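Below: one structure, written as structure tokens.
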Amino acid sequence: MDDALLADLRARCLELHAAGDLRPAKIGRGASERLAPEVRGDFISWLQAPQRDAEQRLLAQLDDLRAELNRQLMAGLHDYQGHFAIYPRGASYARHFDRLVGSDVRAISAALYLNDAWQPEHGGYLRIYTGGGRSEDVMPQGGRLVAFLSERFEHEVLPATRERLSFTGWFRRRPLEGFV
């Protein structure tokens with residue numbers, strides 16, 4: 001990710017925030033979808049149709065990555081769905097899986113950090129639980145892309161001492177017939 005694109009994406013995220021286009025994120029889906037700030041404290045805006053050059057370039061790079069994952073891993077990935085996110089200072093997202101109950105569509109979770117000059121003391125780490133009581137903490141340094149299997153790794157976002165920005169989403173596959 002080049003610095004200019006990263007700066008444009010950061011500016012877009014902040015522009016959406018200033019315009020009031022980032023909404024409190026919800027948990028659950030369908031009839032059980034609800035706000036739960038004690039579980040999830042970020043504000044998001046889904047990227048439905050790219051309106052800026054930076055958004056188009058980002059989606060093109062993610063599509064190139066999707067194609068490479070399919071070539072190398074035969075992953076069967078169909079598309080990418082993502083959103084801009086801002087975690088206000090002190091906000092977090094409790095431990096969870098990204099794979100939705102009753103759906104196998106989300107295959108690989110991916111977060112691109114948009115933060116500028118992030119330092120370890122700012123916190124806001126992504127904690128990925130790797131099994132056997134172990135975890136790995138990933139610092140949300142601007143330009144870093146972290147990806148993991150949605151169904152395999154529980155994770156959480158730890159509180160930060162400053163606002164934390166990202167473009168986060170999932171490489172998705174078509175649903176398997178008869179999946180329960």
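Residues: numbered from 1 along the sequence shown. Computed from a predicted structure; not experimentally measured.
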Can you find a side-chain donor-acceptor pair between [X] and [Y] that sits under 3.5 Å?
X	Y	answer
His155	Asp98	yes
Glu156	Tyr129	yes
His78	Arg174	yes

task: Check whether NZ of the Lys or CZ of the Arg Arg164 lies under 6.0 Å from the centre of the six-membered ring of Tyr113 and within 45 degrees of that ring's axis.
output: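 Relative to the ring axis of Tyr113, which defines the angle, Arg164 lies outside at least one limit.
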Any carboxylate oxygen within less than 4.0 angstrom of a Lys/Arg side-chain nitrogen, looking at [X] and [Y]?
X	Y	answer
Arg95	Glu154	yes
Arg127	Glu136	no
Arg52	Glu15	yes
Arg162	Asp116	no
Asp8	Arg12	no

Plane angle bin for Trp46 and Trp170 - parallel if under 30°, tilted between 30 and 60°, otherwise perpendicular: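 Answer is tilted, since the angle falls between 30° and 60°.
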task: Assign the ring pair Trp118 / His122 to parallel, tilted or perpendicular, where the plane angle (0 to 90°) is split at 30° and 60°.
output: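 The arrangement is perpendicular - the two ring planes meet at more than 60°.
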field: Donor-acceptor contact present, side-chain Glu55 to main-chain Gln51, <3.5 Å
entry: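 Yes: the side chain of Glu55 pairs with the backbone of Gln51.
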Side chains of Leu6 and Arg10 in contact at under 4.5 Å (non-hydrogen atoms):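 In contact.
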Test log, rule side-chain contact (heavy atoms from CB on, under 4.5 Å), inputs Met1 and Leu112: CA-CA 9 Å; Met1 174 81 40; Leu112 173 66; 3.4 Å; yes
